[in-house]
Q: 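Got a structure for you, written out below as structure tokens; questions coming shortly.
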Amino acid sequence: MKLALHWKILIGMALGALLGYIMTSQGLAQFVKDWIAPFGTIFIRLLKMIAIPLIIASLVKGISDLEDIAKFSKIGIRTMLIYIGTTLVAISIGLVLVHIIQPGNNVTEETLTELLAENGSSASSKISNASQQMESGPLQPLVDIVPDNIFNAMSNNGLMLQVIFFVILFGICLLLVSKEQAAPLKKVFSSLNEVILKMVDLMMLYAPLGVFALMANLVADTKRPDLFIALLSYAMTVFAGLLLMIAFYILVVYLYTGRKPGFFLKGISPAQLVAFSTSSSAATLPVTMERVEEHLGVEEEITSFVCPVGATINMDGTSLYQAVAAVFICQALGVPLGFGEIIMILATALLASIGSAAVPGAGVVMLIIVLESIDFPSELLGTGIAMILAVDRPLDMVRTMVNVTGDAAVSMIVGHSSGQLHYPQARELNDYYKK
Ligand code: ASP
């Protein structure tokens, strides 16, 4: 019997976590680091290696297939509005939950001292990282979208938005020149795209082993699991919010496109599991795009634009977490929050999630900016951040999963509204008859 990919990945994760646990309890954590972890790093590198070429090939192909610039701008505006809408829903869910559960009221003085001793120094480095970002002007994020050297941008995975900017312009110009002039380039990009998608297919064969190694290393690397218990009600508030967010996507996709929850979840689950194992939406992007296109049935014209843009700016899980964490820290440290501050958290968590890089731990750096926007006492900032760092990694894993699910859901919605969503089986049959 052929096992579905998500089962293979899930088994890989479970076995990895088990092995990590056994090895650590036998005092062999270093063995895991030396001999198992590198296979996880190789998986992440493979995914990152393919991300920029994939964006370039599929976005050029996607835009040039549209054959109409007006259609592209309509899709662009619709995508942005829906992204902002889902992020606002996520933040609101977080804010409501954290006010109902009030996790900050359960933190004892003792736990606080322990958390500070454990994570105080790494909190300070995150704060200095955030203050560097704060020093730039308000329009700097806009300036940062435009590359000054496209080859430089293409050689840095952190500059994905710059690459997207260039490629969109390139794709639009491909539509503006005559059909004869565009034809050879269109052919090249279309063939390049096929080859790169095949590379993603091959990489997915390695995914179960990759996540096995990642999980083993993660478990071997966890220093103080007991601190998780101390922060249980905070962690559970974030988890509950993230689960609600997934339920929200399932519901919206079902109501708007008619696709059943099982179809949506089965289609996207391998990407969710890779997001969980890598904590990076950018590293997961090739998998997300493959799943959305091949298994959820969204046409490439939509996927090629909505997914890469979503991976960089649409982070619903991150924004929800930032809202909960900001209020939790204030509750625990006795900093009062009025209605004005709550609205400020809503606005800055929206911007902070857009500005968060799609890499592990980026959300916590931007959380510092959210806290500073509500004039959080600077002498308490170190304590506040140190407090949540102990549980940040598991929360990062789940919020990244939500970030990726959000991109997939929005792709389906935009796809459906533009008539570019089909059942994959129907598309295969269509292609078959065309041949
Ligand atoms: N790790 C998240 C992502 O890549 C960002 C974050 O919340 O830290 O989507």
Side-chain angles (χ1 to χ4, degrees), residues 40 43-45 47-48 51 55 83 86-87 90-91 93-94 119 122-123 125-127 129-130 133 141 156-161 211 214-215 218 234-235 237-239 241-242 245-246 249 268 271-289 291-292 306-326 328-329 345 348-371 385 388-411:
F43 181 51
I44 296 193
R45 282 197 179 198
L47 290 170
K48 286 183 169 171
I55 293 177
Y83 274 158
T86 55
T87 307
I91 303 173
I93 291 180
N119 292 311
S122 79
S125 82
K126 301 236 183 268
I127 292 173
N129 199 336
Q133 301 208 24
N156 182 348
N157 278 18
L159 297 178
M160 248 179 217
L161 225 43
V211 295
L214 286 171
M215 290 306 288
L218 206 75
Y234 157 66
T237 311
V238 179
F239 279 142
L242 294 174
M245 208 48 212
I246 294 207
Y249 297 135
I268 196 61
Q272 289 176 320
L273 297 174
V274 171
F276 183 84
S277 314
T278 59
S279 282
S280 166
S281 341
T284 313
L285 179 64
V287 189
T288 317
M289 286 175 77
R291 297 308 296 186
V292 170
V306 181
C307 289
V309 170
T312 33
I313 68 163
N314 180 49
M315 300 201 182
D316 298 342
T318 301
S319 66
L320 185 147
Y321 144 83
Q322 284 166 338
V324 174
F328 165 72
I329 291 172
I345 291 179
T348 47
L350 173 68
L351 296 176
S353 67
I354 292 175
S356 298
V359 296
V364 72
V365 175
M366 298 307 274
L367 166 68
I368 298 168
I369 298 179
V370 174
L371 285 171
I385 297 300
I388 56 162
L389 280 183
V391 290
D392 207 59
R393 183 63 196 218
L395 296 186
D396 195 1
M397 295 161 81
V398 186
R399 68 188 186 240
T400 308
M401 232 172 118
V402 172
N403 291 347
V404 166
T405 314
D407 299 341
V410 175
S411 301

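Numbering of ligands and ligand atoms starts at 1, following listing order.
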Q: Write out the residue and atom name of the closest protein heavy atom to atom 2 (C) of ligand 1, then the distance separating them to 0.1 Å.
A: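 In this structure, atom 2 (C) of ligand 1 has T400 OG1, 3.3 Å as its nearest protein heavy atom.
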Q: Need the ligand 1 atom indices (1-based, order shown) with element for anything under 4.0 Å from a heavy-atom of S280.
A: 4 (O)
Q: Under 4.0 Å from a heavy atom of T318: which atoms of ligand 1 are those, numbered in the order shown and with their elements?
A: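 Counting atoms of ligand 1 from 1, those under 4.0 Å from T318 are 5 (C), 6 (C), 7 (O).
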Q: List ligand 1 atoms under 4.0 Å from S279, heavy atoms only on the residue side.
A: 1 (N), 4 (O)
Q: Find all atoms of ligand 1 within a distance of less than 4.0 Å from any non-hydrogen atom belonging to G361, and give their numbers and elements.
A: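 Here the atoms of ligand 1 in question are 8 (O).
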Q: Is there a donor-acceptor contact under 3.5 Å linking the side chains of T400 and D396?
A: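 The answer is yes; a qualifying pair exists.
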Q: Using a 4.0 Å heavy-atom threshold (strictly under), name the region of V404 that reaches ligand 1: side chain, backbone, both or neither.
A: neither
Q: Under a plain distance cut-off of 3.5 Å, with no hydrogens placed, do Q322 and S353 share a side-chain donor-acceptor pair?
A: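 Per modelled atom types, S353 and Q322 side chains form no pair under 3.5 Å.
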Q: So L371 and I385, side-chain contact (heavy atoms from CB on, under 4.5 Å) or not? Walk me through it.
A: CA-CA 10 Å; L371 285 171; I385 297 300; 4.1 Å; yes
Q: So, is A357 polar-close to ligand 1, with some N/O to N/O distance under 3.5 Å?
A: no
Q: Can you find an N or O of A282 that's nearer than 3.5 Å to an N or O of ligand 1?
A: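 No - when backbone and side-chain N and O of A282 are compared with those of ligand 1, no distance drops under 3.5 Å.
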Q: May I ask whether S356 places a heavy atom under 4.0 Å from ligand 1?
A: no
Q: Side chains of I369 and T348: closer than 4.5 Å at any heavy-atom pair?
A: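 No, their side chains stay 4.5 Å or more apart.
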Q: Does the side chain of V402 reach to within under 4.5 Å of the side chain of I246, using non-hydrogen atoms?
A: yes
Q: Which residue, L273, I44, V359, forms the side chain to side chain contact (heavy atoms under 4.5 Å, CB included) with T278?
A: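 Of the listed residues L273, I44, V359, the side chain to side chain contact (heavy atoms under 4.5 Å, CB included) partner of T278 is I44.
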Q: Are any side-chain N or O atoms of N403 and backbone N or O atoms of D316, one a donor and one an acceptor, separated by less than 3.5 Å?
A: yes
Q: Pairs of nitrogen or oxygen atoms closer than 3.5 Å, one from A358 and one from ligand 1: do any exist?
A: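 Among all N and O atoms of A358, at least one is under 3.5 Å from an N or O of ligand 1.
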Q: How far is atom 1 (N) of ligand 1 from the closest protein heavy atom, and which atom is that?
A: D396 OD1, 2.7 Å
Q: Below 4.5 Å, heavy atoms only, C-beta onward: do V410 and Y249 meet side chain to side chain?
A: no
Q: Side chain or backbone of S281 under 4.0 Å from ligand 1, or both, or neither, by non-hydrogen atoms?
A: both
Q: Ignoring angles and geometry beyond distance, decide whether V364 reaches within less than 3.5 Å of ligand 1 through its nitrogen or oxygen atoms.
A: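 In this structure, V364 places no N or O atom under 3.5 Å from an N or O of ligand 1.
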Q: Just verifying a value: how many Å separate L47 CG and T284 OG1, rounded to the nearest 0.5 Å?
A: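 Between L47 CG and T284 OG1, I get 7.0 Å after rounding to 0.5 Å.
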Q: For atom 8 (O) of ligand 1, what is the nearest protein heavy atom, given as residue, atom name and distance?
A: G363 N, 2.7 Å
